[in-house]
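Per chain, numbering begins at 1; letters A, B, ... match sequence-line order. Atoms considered below: every heavy atom in the structure, side chains included; atoms not considered: hydrogens, waters and symmetry mates. The model shown is predicted, which means the values in this text are computed figures rather than measured ones.
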Amino acid sequence: MTRAERRPRTRADWLLQSTAGAVLGFTLAIALSGLFAWLGPGGLAPLNKYQFTMWMVPPLWLGVLSAVFLFRSGAAAWVGLGAANLLAFGALLAVQRLGS
Amino acid sequence: MRADTLRTYKTVHTWTGIVAGLLLFIAFYAGALTMFKAPLARWAAAPVVPTSATYADADALMARTLAEWPQARADFTLQLGDGRHAPHRLRWQPRGAALASEAMLAPDGTLAVGTPRMADLADFIDEVHRTAGLPIGREAGTVVMGVVSALYFLALVSGVVLLWPTLVKDLFALRVGPNLKRMWLDAHNVIGLLSLPFHIVMALTAVVFGLHDVIYDAQKAVVYDGRFDRMWAASGPFAAARPDPAPAALLPLGSLVARVQAQAPGFAPHTLRIRDAGTAGAVAWITGDQPCCMQRSAQGSLLLVSAVDGALLHGEYAPGHRSGWMASVSTFFALHFGSYGGAPVRWGYFFLGLAGAFLFYSGNLLWIESRRKATRRGAAPVVQSRATAWMAAGTVGVCLGCVAGLSLAIVASKWLQGHVADLDAWHRGVYHAAFLASILWAFWRGGARASVTLLWCAAAAAWALPLTTLAGLLPVPVAAGWVPAATGTLGVDAVALCGGLGLALMARAAARRVRHGAADSVWRG
């Protein structure tokens with residue numbers, strides 16, 4: 001099947017893609033900000049770095065939410081972002097274990 | 001770009017615009033006004049007898065109040081007067097009392113203690129900006145607008161994607177002509193694209209302001225491994241204070257300010273929160289304007305100094321002393337508030353805010369025009385769908401209701417000052433009454449005919465500002481003292497006069513369209 005012939009997006013696709021972007025995009029942004037908190041300059045030590053780390057979340061989250069509609073279907077969006085979440089949270093957990 | 005990608009983002013743009021557009025119109029119109037909320041509040045404020053407001057006067061106010069009310073020493077706020085409109089005010093929260101107390105020095109030198117006004121006109125305009133006037137309280141309203149701002153960001157991204165394939169061709173094209181939809185689309189595109197950096201900053205910062213608690217809670221739960229509360233407490237400015245109960249006098253304010261300015265050049269303090277006055281550990285958390293720099297709050301930069309010797313204790317909220325982390329974050333605060341560069345930036349933000357309001361208004365118009373059913377030559381007249389008729393009425397009612405309502409609330413604030421117990425309730429009441437009446441009228445009369453009346457009403461409400469100032473010339477008791485106070489705020493009257501003229505021109509154009517517009521337009525009455 002070529003790209004041009006792909007099936008039209010259904011109502012369920014819209015719902016699944018939007019929720020994947022809103023929910024999994026948010027959790028992914030939290031995990032990535034967490035990696036930055038631990039691995040970014042100075043680690044957890046610098047005063048007020050946590051404020052910067054909070055500010056990172058909306059651009060990451062909304063970037064994912066904006067791009068989620070490029071997935072071919074709602075299911076693909078949940079699988080793709082779910083995998084990205086697993087990777088990011090796995091890395092965060094490893095960093096926390098090694099770091100503390 | 002593939003055609004189905006474009007179609008997808010068109011749908012995203014349409015839906016986010018429909019859901020968020022009208023609330024964003026209110027936030028942007030009120031936000032444009034917040035750039036000048038201080039002059040607006042001064043315009044509406046009760047005339048005060050000009051008192052001297054030197055640093056020595058403030059020292060006297062502090063000494064007399066703290067001698068008479070020793071419990072205020074633990075924590076009080078001194079708001080410096082400007083010597084023309086506002087006197088020095090000292091505010092504290094008496095133990096067990098529901099309301100704060102406020103002390104001022106009367107012109108004859110006696111101490112006048114009362115209850116401070118809970119909120120003034122500036123706070124009201126700010127609240128409409130933050131909550132889009134939703135009557136659900138400031139906290140909940142800000143959270144809702146955080147979500148709305150996330151949709152706004154989506155609308156921006158999808159709008160740019162839509163424009164991308166024809167970007168160069170369309171950017172500087174404003175095709176004024178018989179194809180009205182083309183003209184509105186060109187105007188919508190050029191304003192959206194040229195002010196895109198402003199809009200991206202506004203969307204991202206508003207998401208942070210609305211949802212920071214949610215984000216912090218999530219990060220606290222999964223990122224910081226139980227260390228968040230300690231990091232949070234350590235970063236608070238008062239964590240840098242070192243309590244010391246040994247008695248010590250406050251440094252006279254003039255010397256304190258001089259020592260602060262030696263450490264923060266150009267810093268002009270206007271509010272000081274002082275803790276533990278009378279002890280060697282006394283500190284002052286000072287807010288002041290520092291127009292050189294990107295300032296953390298809409299009120300300016302903040303720093304914590306010892307109130308006994310002026311030594312800087314915490315400079316994370318002050319340019320030149322803050323860390324790189326706070327410099328980056330504070331820059332985004334400043335970019336939202338326009339708290340940098342002084343008056344030219346405020347005027348720039350005022351017009352960018354109005355242009356943003358136009359962006360959302362024109363977006364709704366385009367939605368209506370895209371769904372317009374055209375009359376075929378020789379065929380029976382078409383009936384436009386109910387959805388477009390409702391959208392037309394809703395857009396006109398909400399937008400013009402907000403514009404007129406804010407003007408009326410400002411005017412009511414001046415007339416009712418001192419004559420009603422709860423002025424803030426009147427601000428809300430007048431605004432919401434005008435807003436709801438406008439929406440009801442729009443749905444009852446239909447968008448087309450209502451737009452003419454409502455535009456004239458909005459123009460009249462704007463003109464009510466300069467007319468109110470002129471009413472100061474009348475020999476009526478309510479207006480006593482208005483004229484001498486008005487000389488400092490004639491700029492407010494001038495802008496309101498121009499705004500009213502603009503609305504009146506729109507009213508005439510709308511009336512022409514109701515009579516002579518195309519028969520298949522929702523704007524033909």
Side-chain angles (χ1 to χ4, degrees), chain A residues 2-9 13-14 17-18 21-22 25-27 29-38 40-72 85 88-89 92-93 95-97 99-100, chain B residues 2-5 7-9 11-12 15 146-147 149-158 160-161 200 203-208 210-216 218-228 230-232 234-235 239-240 314 316-317 322-330 332-333:
Chain A
T2 66
R3 283 180 157 188
E5 289 165 7
R6 71 190 228 196
R7 71 185 174 84
R9 196 181 257 105
D13 281 322
W14 278 110
Q17 281 183 328
S18 311
F26 184 79
T27 52
I30 293 287
L32 293 176
S33 78
L35 286 171
F36 180 80
W38 284 79
L44 296 183
L47 191 68
N48 281 320
K49 183 185 165 186
Y50 75 89
Q51 294 203 28
F52 184 91
T53 308
M54 185 274 285
W55 275 81
M56 290 178 63
V57 171
L60 290 171
W61 171 40
L62 298 175
V64 173
L65 182 57
S66 303
V68 76
F69 302 103
L70 298 174
F71 278 106
R72 289 159 156 269
N85 266 278
F89 275 105
L92 179 59
L93 210 62
V95 167
Q96 285 173 339
R97 283 284 157 78
S100 55
Chain B
R2 297 207 317 268
D4 57 343
T5 309
R7 263 200 309 280
T8 302
Y9 280 98
T11 310
V12 172
W15 277 100
V147 174
S149 302
L151 296 176
Y152 165 32
F153 185 86
L154 267 186
L156 289 174
V157 171
S158 53
V160 173
V161 169
I200 288 176
L204 287 176
T205 49
V207 171
V208 169
L211 302 180
H212 55 162
D213 284 348
V214 179
I215 300 171
Y216 275 137
Q219 289 181 325
K220 183 178 162 181
V222 299
V223 169
Y224 289 111
D225 203 17
R227 302 175 207 197
F228 185 75
R230 212 166 53 231
M231 293 165 68
W232 177 278
S235 73
H314 183 102
E316 279 287 272
Y317 293 84
R322 58 198 178 192
S323 62
W325 301 114
M326 283 299 267
S328 339
V329 167
S330 295
F332 274 92
F333 277 90

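- Interface remark: Leu92(A) contributes side-chain atoms only to the contact with chain B (heavy atom separation under 4.5 Å).
- Looking only at heavy-atom pairs under 4.5 Å with chain A, the residue among Val207(B), Val157(B), Val208(B) that has the most is Val208(B).
- In this structure, no portion of Leu156(B) lies under 4.5 Å from any heavy atom of chain A.
- A donor-acceptor contact shorter than 3.5 Å is absent between the side chain of Lys49(A) and the backbone of Trp325(B).
- Contact annotation for Ser149(B): neither backbone nor side-chain heavy atoms come within less than 4.5 Å of a heavy atom of chain A.
- Residues Ala88(A) and Ala31(A) come closest through the heavy atom pair CB-CB, 3.7 Å.
- Of the listed residues (Gly21(A), Gly42(A), Pro41(A), Ala29(A)), the greatest number of heavy-atom pairs within a distance under 4.5 Å of chain B belongs to Pro41(A).
- Under a 3.5 Å cut-off, the side chain of Ser158(B) and the backbone N or O of Ala155(B) do form a donor-acceptor pair.
- For Tyr317(B), the part sitting under 4.5 Å from any heavy atom of chain A is the side chain, from C-beta outward, and nothing else.
- Looking at Thr27(A), neither its backbone nor its side chain comes within 4.5 Å of chain B, counting heavy atoms on both sides.
- For an aromatic pair to be called close, the ring centres must be under 6.0 Å apart, and Trp55(A) with Phe333(B) satisfies this.
- Gln219(B) contributes no side-chain N or O that, together with a main-chain N or O of Gly34(A), makes up a donor-acceptor pair within less than 3.5 Å.
- Heavy atoms closer than 4.5 Å to chain A are found in the side chain of Met326(B), but not in its backbone.
- The shortest side-chain heavy-atom distance between Val223(B) and Trp38(A) falls under the 4.5 Å cut-off.
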